[in-house]
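Counting starts at 1 for both ligands and their atoms, following the listed order. Scope of the values below: all heavy atoms of this structure, side chains included, with no hydrogens, waters or symmetry mates. Being a predicted model, the structure only gives us computed values, none of them experimental.
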Amino acid sequence: MNYEAFYRQSVDDPDTFWSREAQRIDWHRAFDTVCDHARPPFARWFVGGETNLCHNAVDRWAQRQGDTPALIAITTETPDGTPAEKTWTFAELQRETERTAAIMRSLGVGRGDRVLIYMPMIAEAVFAMLACARIGAIHSVVFGGFAANSLATRIEDAQPALIMSADAGSRGGKAIPYKPLLDEAIGLSAHKPGHVLLVNRHLAEMNLVAGRDVDYATLREQHLDAQVPVTWLRSDETSYILYTSGTTGKPKGVQRDVGGYAVALASSMEHIFCGRPGDTYFSTSDIGWVVGHSYIVYGPLIAGMATILYEGTPLRPDASIWWQIVEKHKVARMFSAPTAVRVLKKQPPELMKRHDLSSLKALYLAGEPLDENTSAWVADALGVPIIDNYWQTETGWPILSVARGIDDKPTRLGSPGVPMPGYRVKILGEATGTVCGANEKGVVVIEGPLPPGCLQTVWGNDERFVSAYWSNFSTEQVYSTFDWGIRDDDGYYFILGRTDDVINVAGHRLGTREIEESISSHDNVSEVAVVGVEDKIKGQVAVAFVIPRHADRVATPEAKQQLEKEIFAVVDRQLGAVARPSRVHCVNLLPKTRSGKLLRRSIQALCEGRDPGDLTTIEDPASLVQIREALQS
Ligand code: ATP
Ligand code: MG
């Protein structure tokens, strides 16, 4: 089958298509209905079926290939950055998951209860997620490193019976205490958890609150022999809640099901990620993000692969650490983000060449636009296909990519690809709500029902689900991605930025992303952010902040001016003078969310002399100081 036939069947005959895909997982009870879409925009997948994510990720492989590696936890958060690692086979992972499940049960956690997981990238975090899935508790993983305020709002929204955490995380070899933040967050929240289960890594002091806090290691000893059979769940029961990364405002609690998600992951592991049982998979994301849920924990394990859980930065002990891991563990498929690749691009290229990367078949990148420059650089450096894929926390798996498990349909530079199975993607005119022609820019939308694996609703707020996502056009009820895009003559899609990142310069509507793409083609630009800033005459003007690749070449004010001039010329040539930014500022940090996405709204606010807004999700507040300083100079 080729891609076209494969995709066509998924949208023309979804019952046949998804019935077949559903056979990739084990069902305790067969489903009666493939998709119930009687109450749009809500969709229920595999109705009547019963299954379990943990069974499909762990137990069934423990039965078939119990001695093969399942989880490889590697940390470079050691005193000198020397990697330390530990491996669990599928059989061992099952035992450990049962122990954690037994601990949770002993603390009163039952089916449907929420468990908030606020953990560093350590194996116990994976045991915790899988244990929840095993007993039908709903996990809500919150990125470890969010400060007390962000954590408090999530505690209040999810109302967990149990919070699982640790004494500390670690970054660049420095302990980051979690417990004081957690105590503060619980203090701020109106909801109080029954218990707090703490893994003590002995990185930081920890005061246990009597009657509430319990020690993981102590309880584990008591449950060493625990056997906790999986709880069979209805396909449409809730497996987890995950908050979006908050690039554009208050995070939404994305709620996911059990059966649809399991099938979507099994299907995507086969068709997009070409996952083979026994192969090793390495995603550099964090379990606090959707990529971590789908493609560190559940996806690879459901496919019977060994998955690498990496705690550490890409630069410590040196910038070759990822490639060292690829070589040592013969990683077949790797998943990362453009932002991480841009960091590596600034490092000496020899570091990559030092390792035997012949096991690697492809690198998948997602999370933000992959500029052509970065894509070409990493393709050349690694010598493997670079597979861009576009999706959202809401969808749980790629909307756009290429299906390498199906055929060799070529990728196109700058495009994440074509629709993945079940996604009826369209481009609608923002004002008209009618379908755009080829190469005509509009909003990327998806016709309902969304395929399996996508969000069921917004946690505790069906009304917000409908009003936020499905009510943006008067012409028809479609799911809005809030991203701009175009489809070219051959059906490839291009993502042109977020709908709230559009600026209006003297009546011309410009996507900041297009200007960024153009600027990043300049040799000495490593990263760039463009924002629209209020202007008395033109309405708005574009202002650019660039991180130079070679900071030494722009050390003087004259050199900075020269760079600005060259960038103007690049933009003039590629997009026309209307898109030319009014200023180009050099910085060496840009404000980003914890997941590596540019916080354009905060930059824009600073440029306009306003408060930068909600900064609870910001990675490095020093970046704002840099923006301020650049503006003053
Ligand atoms: P919030 O919705 O709370 O503002 P967020 O949109 O940043 O946060 P995510 O779900 O993590 O939260 O990010 C999804 C968004 O990331 C997409 O809507 C898109 O804007 C961007 N994105 C993801 N992958 C790609 C890609 N391959 N190319 C271009 N953009 C991408
Ligand atoms: Mg979003």
### Query
Which atoms of ligand 1 have any heavy atom of Asp483 under 4.0 Å away?
17 (C), 18 (O), 19 (C), 20 (O)
### Task
With heavy atoms of Asp388 as the reference, note each atom of ligand 1 found under 4.0 Å away.
26 (C), 27 (N)
### Query
When you look for heavy atoms under 4.0 Å from ligand 1, do you find them on the side chain of Phe482, its backbone, both, or neither?
neither
#### Entry: Atom indices of ligand 1 within 4.0 angstrom of Trp391 heavy atoms, with elements
14 (C), 17 (C), 23 (C), 24 (N)
### Query
Relative to the heavy atoms of Lys597, which atoms of ligand 1 are at a distance of less than 4.0 Å?
7 (O), 9 (P), 11 (O), 13 (O), 14 (C), 15 (C), 16 (O)
### Task
Output the list of atoms in ligand 1 that are nearer than 4.0 Å to some heavy atom of Asn389, sorted by atom number.
24 (N), 26 (C), 27 (N)
### Query
Excluding sequence neighbours, so at least two apart, what forms salt bridge (charged side-chain N to carboxylate O under 4.0 Å, His left out) with Glu440?
none
### Task
Can you sort out the partners of Tyr281 under ring pair (Phe, Tyr, Trp, His ring centres under 6.0 Å), two or more places apart, ordered by chain and number?
none
### Query
What are the atoms of ligand 1, with element, lying closer than 4.0 Å to any heavy atom of Glu368?
22 (N), 23 (C), 24 (N), 25 (C), 26 (C), 27 (N), 28 (N), 29 (C), 30 (N), 31 (C)
### Message
Can you confirm whether Glu476 is buried at CD, in the sense that more than 12 heavy atoms of other residues, nucleotides or ligands lie under 6.0 Å from that atom?
### Response
yes
### Heavy atoms from other residues, nucleotides or ligands near CZ of Arg171 exceed 12 (cutoff 6.0 Å)
no
### Query
Relative to Tyr492, does Arg412 satisfy both conditions: NZ or CZ under 6.0 angstrom from the six-membered ring centre, and within 45 degrees of the ring's axis?
yes
### Query
For Leu365 and ligand 1, does the shortest N/O to N/O distance drop below 3.5 Å?
no
### Lys/Arg N to Asp/Glu carboxylate O, Lys597 vs Glu619, below 4.0 Å
no
### Task
Select the closest option to atom 10 (O) of ligand 1 among Leu496, Thr393, Leu598, Leu400, judged by heavy-atom distance.
Thr393
### Tyr240 ring center near His293 ring center (under 6.0 Å)
yes
